[in-house]
Amino acid sequence: MTKKDVSVVILMGSKSDEALVSPCVDILQKLDISYVFTVSSAHRTPERTLTLVRECEAHGARVFICAAGMAAHLAGAVAARTTRPVIGIPISGETLGGMDALLSTVQMPTGFPVATVALNRAGARNAAWLAAQILAVSDPELNAKIEKERSLMQAEVEAAGEEISKKYDG
Ligand code: RP5
């Protein structure tokens, strides 16, 4: 299923999740982190999910990111099959405001953690940052890139602060 070496594997439960998960890819690309991004379902394609975990591990995968909505078991199913860190992105469906997916993702039994981030696009972005930080523990060059990106975010906040305080200057 994958022929290239990868650091991070992003799985989502359905193609319908794509728009909410793709910001994760943008950040991994910005940080030059190799990845695979594909669809696999804990329920509809359990064998494919297991095969992906095995094959991606064989190709060097170090972190798995799993996004799913409704009875969001994908991250848990992957966590059951790997000792690599698993990050879960709960996706909000048409009902229940995503609370179903949030609880399904976060409430894992002892020994099989899923590092659960925020819902939807905000979670997708932080899943990428968290995966990068995990990889950066043993990668000083990547760590420097993360620090540089944080400096840029800091500068943006400071510039926004200046702009707002000037605009509303009493
Ligand atoms: C989950 O069910 C998927 O992750 C998606 O969020 C939700 C609905 O999937 P579709 O019916 O749109 O394929 O497994």
Side-chain angles (χ1 to χ4, degrees), residues 1-136 142 146 149 153:
M1 282 178 203
T2 177
K3 291 190 170 59
K4 61 175 186 177
D5 284 347
V6 288
S7 295
V8 176
V9 180
I10 311 157
L11 303 180
M12 56 186 177
S14 170
K15 190 172 184 303
S16 66
D17 299 323
E18 181 184 357
L20 299 177
V21 182
S22 61
C24 181
V25 175
D26 300 337
I27 290 166
L28 295 180
Q29 286 177 342
K30 181 166 37 183
L31 295 171
D32 296 314
I33 294 171
S34 60
Y35 64 89
V36 163
F37 180 32
T38 190
V39 178
S40 197
S41 166
H43 308 111
R44 292 167 175 157
T45 61
E47 289 84 11
R48 173 179 164 79
T49 301
L50 176 55
T51 302
L52 275 165
V53 171
R54 285 195 180 137
E55 290 193 355
C56 289
E57 278 194 350
H59 283 81
R62 299 181 69 185
V63 182
F64 288 84
I65 296 173
C66 301
M70 302 182 75
H73 296 142
L74 182 59
V78 170
R81 299 295 184 173
T82 184
T83 55
R84 303 279 189 270
V86 178
I87 301 169
I89 309 168
I91 300 295
S92 62
E94 290 171 19
T95 58
L96 304 178
M99 191 59 79
D100 46 355
L102 174 61
L103 297 181
S104 301
T105 306
V106 77
Q107 286 287 68
M108 286 296 292
T110 298
F112 295 81
V114 168
T116 304
V117 292
L119 290 151
N120 299 340
R121 294 172 69 85
R125 288 191 286 268
N126 266 353
W129 286 115
L130 182 54
Q133 288 176 219
I134 292 167
L135 297 173
L142 177 57
I146 293 170
E149 291 297 328
M153 289 183 220

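Every number for a ligand or one of its atoms is a count from 1 in the order of the listing. Quick caveat: nothing in here was measured; it's all calculated off a predicted structure.
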Output yes when a side-chain donor or acceptor of [X] lies under 3.5 Å from a complementary backbone atom of [Y], and no otherwise.
{"X": "Arg62", "Y": "Ala131", "answer": "no"}
{"X": "Ser40", "Y": "Thr49", "answer": "yes"}
{"X": "Arg84", "Y": "Ala61", "answer": "yes"}

Starting from [atom], locate the nearest protein heavy atom and write down its residue, its atom name and how far away it is, to 0.1 Å.
{"atom": "atom 4 (O) of ligand 1", "result": "Asp17 OD2, 2.6 Å"}
{"atom": "atom 10 (P) of ligand 1", "result": "Ser14 OG, 3.5 Å"}
{"atom": "atom 8 (C) of ligand 1", "result": "Met70 SD, 4.0 Å"}

Taking both backbone and side-chain atoms of Ala68, is any N or O found less than 3.5 Å from an N or O belonging to ligand 1?
-> no
Got an N/O contact under 3.5 Å between Ser16 and ligand 1?
-> yes
Identity of the nearest option to atom 14 (O) of ligand 1, non-hydrogen atoms only, from Gly69, Ala42, Cys66 = Gly69
Taking 4.0 angstrom as the limit, do Lys15 and Glu18 come out as a salt bridge?
-> yes
Which pair of non-hydrogen atoms, one from Cys56 and one from Val6, has the smallest distance, and what is that distance?
-> O-CG2, 4.2 Å
Relative to the heavy atoms of Arg44, which atoms of ligand 1 are at a distance of less than 4.0 Å?
-> 9 (O), 10 (P), 11 (O), 13 (O)
Would you please test Leu135 and Leu31 for side-chain contact (heavy atoms from CB on, under 4.5 Å) and show each step?
-> CA-CA 11 Å; Leu135 297 173; Leu31 295 171; over 6 Å; no
